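All figures in this text were calculated on a predicted structure; none of them were measured in a lab. Chain A is the first sequence line, chain B the second, and so forth, proteins listed ahead of strands; every chain is numbered from 1.
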Protein chains: 2
Amino acid sequence: MPSLPTKPALRERYDRRQEEVVDAAAELFGANGFQATSMADLSSATGLTVGGLYHYVGSKDELLFRICHGLMEPLLDHARAIAADGSLTPGERLRALLGEWVGHVIARRHSMLVFGQERHVIEREPRWREIRRARKEFERVLDDLLEQGRASGELSYDDRAVTLLALLGMVNHVPQWYRPRGPLGPDEIADGYWRLLARAGS
Amino acid sequence: MPSLPTKPALRERYDRRQEEVVDAAAELFGANGFQATSMADLSSATGLTVGGLYHYVGSKDELLFRICHGLMEPLLDHARAIAADGSLTPGERLRALLGEWVGHVIARRHSMLVFGQERHVIEREPRWREIRRARKEFERVLDDLLEQGRASGELSYDDRAVTLLALLGMVNHVPQWYRPRGPLGPDEIADGYWRLLARAGS
DNA sequence: GAAGTTCTAGTGACCGTTCGGAAAAGATAG
DNA sequence: CTATCTTTTCCGAACGGTCACTAGAACTTC
């Protein structure tokens, strides 16, 4: 825990550099694994020396925490906003959320891979409660939309619990195979997934 | 590489103990992570001392390899057999494979979690070519069944590539949430997934 | 000169692996 | 059944290396 800059202008620069470090860490961790990536590797990637890194981050675990925290927070915000948008039907809301969601996991696929890789840490340690809660709530929003979509007749499925888990599985899996210049873009993916749920209506 | 027993009776016992070690490793690695699990942890779990472990396994990496190898091999055999079963329609074949597949990932969920966790090792190192090939071929079998199922009218989907990836995602995700005494059993899961693909026919 | 940033040079702990030999189990012979 | 030899199993102690993290000095910026 290095002493933070007090003057606002310097504080801004400090925050920017810190974010650069976190982003670089997310990419490395996602590509090579959290434990398999040393602070020395991160040092090479950022240009800072190993000691210098600790000016911006307290520990390697804090890096992991920042990465995962930056993942769930904005996604949950989006989900809440879309779910509360009364100008759309439930089906349209689910479709919109699916688009945002897929775009999100693709944009932050490196972080998503870290998130999945270090699941055992996130599940167990008490420090991660807030992140687990955010994930739970996101699932609840999804579940509600599924239920409302069935009530409105836009969706048809038999088992809501299984369908929710299927949806979570297919979207969370995207970072494992997505390639930036591959044949499938975010919109095609979200559309294909959507049609698996809503095909009865087309 | 310790010298193996030559007498068949002893060899059998040796193999059995080795499998016990591998199974214990799969459970520990799956629960706590491969890198985060030390040989000392595995020693506690097996009752052997750390040095004694190396009588049954050459290295920690070999453990990882054995775990993943035992995963893909039997699954691919099942898939090939089902795909070649002419007594079933394409849709029935896909349904049967889905049942086997879900049962398989649940029975070996610990190994599955390791497999996902150490993806970066499996993708890159040349030693793992065989396992990557097996996975590719499994996907090809699935893809064929999807295509045949559409041709026979039992399935209806728009984008086969996306549908295949959705299927892979939802099944591979099961080990992350499945609980042995939870509300959802293998059959319900396979059935729910199947209906997402085949709902048009019901 | 004060505040902030980065570097150099450790330090202690842990971890995978090795190795020699003890202990145990099995085979052989009397 | 006992004694001896061989094979197999397991242990305990250590080694070399890596890694996260730290302390303090040097440098840069204002």
* Asked: Which of residues 20-31 of chain B have a heavy atom under 4.0 Å from DNA chain D?
  ->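 None - not one residue of the stretch has a heavy atom sitting under 4.0 Å from the strand.
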* Strand-adjacent residues in residues 43-53 of chain A, judged by heavy atoms under 4.0 Å from DNA chain D ->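 By residue number: A:V50, A:G51.
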Measure [atom1]/[X] against [atom2]/[N] and give the value in whole Å, please.
X	N	atom1	atom2	answer
B:M39	D:dG12	CE	P	17 Å
A:Q35	C:dG16	CD	C1'	15 Å
A:R11	D:dC30	CZ	C1'	19 Å
A:Y56	D:dA20	OH	P	20 Å
B:D61	C:dC15	CG	C1'	13 Å
B:Y54	D:dA14	OH	C1'	14 Å
A:Q18	C:dG4	CD	C1'	15 Å

* To do: Carefully, step by step, assess B:S38 and B:D41 under the rule side chain to side chain donor-acceptor pair (under 3.5 Å).
  => CA-CA 5 Å; B:S38 66; B:D41 295 333; 3.3 Å; yes
* Asked: Would one find more than 12 heavy atoms of other residues, nucleotides or ligands at under 6.0 Å from atom NE2 of B:H78?
  ->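 Not buried by this count: 12 neighbours or fewer within 6.0 Å.
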* Atom CD of A:E19 with >12 non-hydrogen neighbours under 6.0 angstrom ->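 Not buried by this count: 12 neighbours or fewer within 6.0 Å.
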Is any side-chain nitrogen or oxygen of [X] closer than 4.0 Å to OP1 or OP2 of [N]?
X	N	value
B:T6	D:dT8	yes
B:R13	D:dT9	yes
A:H55	C:dT5	yes
A:R17	C:dG4	no

Output the single nucleotide from [options] whose closest atom is nearest the side chain of [X].
X	options	answer
A:P5	D:dC21, C:dT5, D:dC10	C:dT5
B:Y14	D:dA20, D:dT9, C:dG16	D:dT9
B:K60	C:dT17, D:dT9, C:dG4	C:dT17
B:L10	C:dT6, C:dG26, C:dG16	C:dG26

SB check [X] [Y] (cutoff 4.0 Å):
X	Y	value
A:D159	B:R195	no
B:R93	B:D85	no
A:R160	A:E147	yes
A:D77	A:R80	yes

* Taking the side chain as C-beta and beyond, is there a heavy-atom pair between B:L63 and B:F29 under 4.5 Å? ->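 Heavy-atom side-chain distance check passes, below 4.5 Å.
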* To do: For B:I122 and B:I131, work out which heavy atoms get closest and say how close.
  =>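 Minimum heavy-atom separation between B:I122 and B:I131: CG2-CG2, 4.5 Å.
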* To do: Look up atom CH2 in B:W177 and atom CZ in B:R179, then write down how far apart they are to the nearest 0.5 Å.
  =>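 The CZ atom of B:R179 is 10.0 Å from CH2 of B:W177, to the nearest 0.5 Å.
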